[in-house]
Amino acid sequence: MTAFRHGAILRFKPDAKPADVEAYFKAFRDLMASQPTIRSWKIGRNEGAGGETHVRKGSFAPNYDVGLTIVFDNPQGYLQYAESAGHQAFFAKYCTPILAERVVVRFHED
């Protein structure tokens with residue numbers, strides 16, 4: 001069965017308060033439960049410091065703080081989620097104040 005996946009990696013602002021970060025994770029779980037077009041999702045905090053040899057040798061940027069994926073049946077399901085009032089409110093209240101960077105990819109998977 002085919003699916004449409006939304007993936008993101010996030011970096012928090014250096015001055016993001018731990019309580020605001022925890023509120024983000026709780027609100028994210030609540031948002032996922034409220035969205036009927038979501039087939040499945042996963043989110044996790046980075047557990048690596050990024051100091052591995054291949055990272056140091058390549059002079060890569062520091063690791064990001066969060067990785068997440070959300071699976072939909074199709075791109076229309078993603079758009080319904082992204083444009084929903086719930087997602088818009090979540091992004092304004094929980095993301096905008098604490099996120100420094102966001103990198104996103106969306107793709108069909110077979």
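Note that these values count all heavy atoms, side chains included, but never hydrogens, waters or copies made by symmetry.
- Nearest heavy atom pair, residue Tyr94 against residue Ile98, reads O-CG1, 3.2 Å.
- Annotation: the span from Glu109 atom CD to Thr69 atom OG1 amounts to 8.5 Å, rounded to 0.5 Å.
- When the side chains of ILVMFWY residues are joined at heavy-atom separations under 4.5 Å, either directly or via intervening members, Ile9 and Phe12 end up in two distinct hydrophobic clusters.
- Taking a 6.0 Å sphere around NZ of Lys93, one finds it holds 12 or fewer heavy atoms contributed by other residues, nucleotides or ligands.
- Put simply, CD on Gln88 and SG on Cys95 are 10.5 Å apart, with the number rounded to the nearest 0.5 Å.
- One finds the CZ atom of Arg5 at 10.0 Å from the CD1 atom of Ile70 (value rounded to the nearest 0.5 Å).
- For the atom pair NE2 (His6) and CZ (Phe4), the distance works out to 9.5 Å, reported to the nearest 0.5 Å.
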Quiz: residues 24-32 side-chain donor-acceptor pairs under 3.5 angstrom, not counting sequence neighbours:
{"from": "Lys26", "atom 1": "NZ", "to": "Asp30", "atom 2": "OD2", "distance (Å)": "3.0"}
{"from": "Arg29", "atom 1": "NH1", "to": "Phe25", "atom 2": "O", "distance (Å)": "3.4"}

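- The two residues Pro97 and Ala92 make their nearest non-hydrogen contact at CD-O, 3.5 Å.
- Note that the CG atom of Leu10 and the CG atom of Asn46 stand 11.5 Å from one another [nearest 0.5 Å].
- The two residues Ala82 and His87 come nearest to each other via the heavy atoms O-ND1, 3.0 Å.
- Two residues are said to be in side-chain contact when any heavy atoms from C-beta on lie closer than 4.5 Å; Arg39 and Asp73 meet this criterion.
- For the pair Tyr78/Thr37, no side-chain contact is recorded, criterion being any heavy-atom separation below 4.5 Å from C-beta on.
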Kindly indicate, with the supporting measurements, whether the criterion salt bridge (Lys or Arg N to Asp or Glu O under 4.0 Å) is fulfilled by Arg45 and Asp65.
CA-CA 6 Å; Arg45 292 190 78 155; Asp65 297 308; 5.9 Å; no

Stepwise, does the side-chain contact (heavy atoms from CB on, under 4.5 Å) test hold for Phe72 with Tyr81?
CA-CA 9 Å; Phe72 302 87; Tyr81 153 76; 3.6 Å; yes

